Amino acid sequence: MNERFRVLQRQPKRISITLSYHVHEALLTRSEEEGRSVSNLCAFLLEDALRDQQRTLTPQTSGAGQTHTNGLQPSVNGATRMKTRGF
């Protein structure tokens with residue numbers, strides 16, 4: 001595989017999704033609070049949810065105060081966060 005092809009594979013990809021009015025409004029409000037675009041916020045939230053999912057799929061030892069190999073504490077998964085926002 002040539003180097004140019006590998007670089008092209010790492011380029012960001014665009015997708016199109018349909019959101020409910022309330023979800024869009026919540027994203028718009030949060031993006032304004034955080035000073036970022038809605039697109040950037042959505043990308044961040046998706047990446048965070050995927051990291052959380054990977055953490056839950058990775059075998060872990062039991063114990064309080066546990067950290068992962070990347071030094072982060074386990075966090076609430078994306079589905080739970082969405083439920084607490086009333087969507």
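Treat the numbers as computed from the prediction; the structure is a model and nothing was measured. Residues take their numbers from the sequence shown, with the count starting at 1. The figures that follow rest on heavy atoms only: side chains count, while hydrogens, waters and symmetry mates do not.
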According to side chain to side chain contact (heavy atoms under 4.5 Å, CB included), who are the partners of Ile15, at least two apart in sequence or on a separate chain? Ile17

Please answer: with hydrophobic residues joined when any side-chain heavy atoms are less than 4.5 Å apart, are Leu46 and Leu19 in the same cluster? no

Group every Ile, Leu, Val, Met, Phe, Trp and Tyr by side-chain heavy-atom contacts under 4.5 Å, then state whether Leu50 and Leu27 land in the same group. no

To the closest 0.5 Å, what do you measure between CD (Glu47) and CG (Asp52)? 12.0 Å

How long is the span from the CG atom in Leu45 to the CZ atom in Arg30, to the nearest 0.5 Å? 5.0 Å

Taking atom OG1 of Thr56 and atom CZ of Arg51, what is their separation to the nearest 0.5 Å? 13.5 Å

Which distance, rounded to the nearest 0.5 Å, do you find between the OG1 of Thr58 and the CD of Gln54? 4.5 Å

Among residues at least two apart in sequence or on other chains, which ones pass side chain to side chain contact (heavy atoms under 4.5 Å, CB included) with Glu32? Leu28

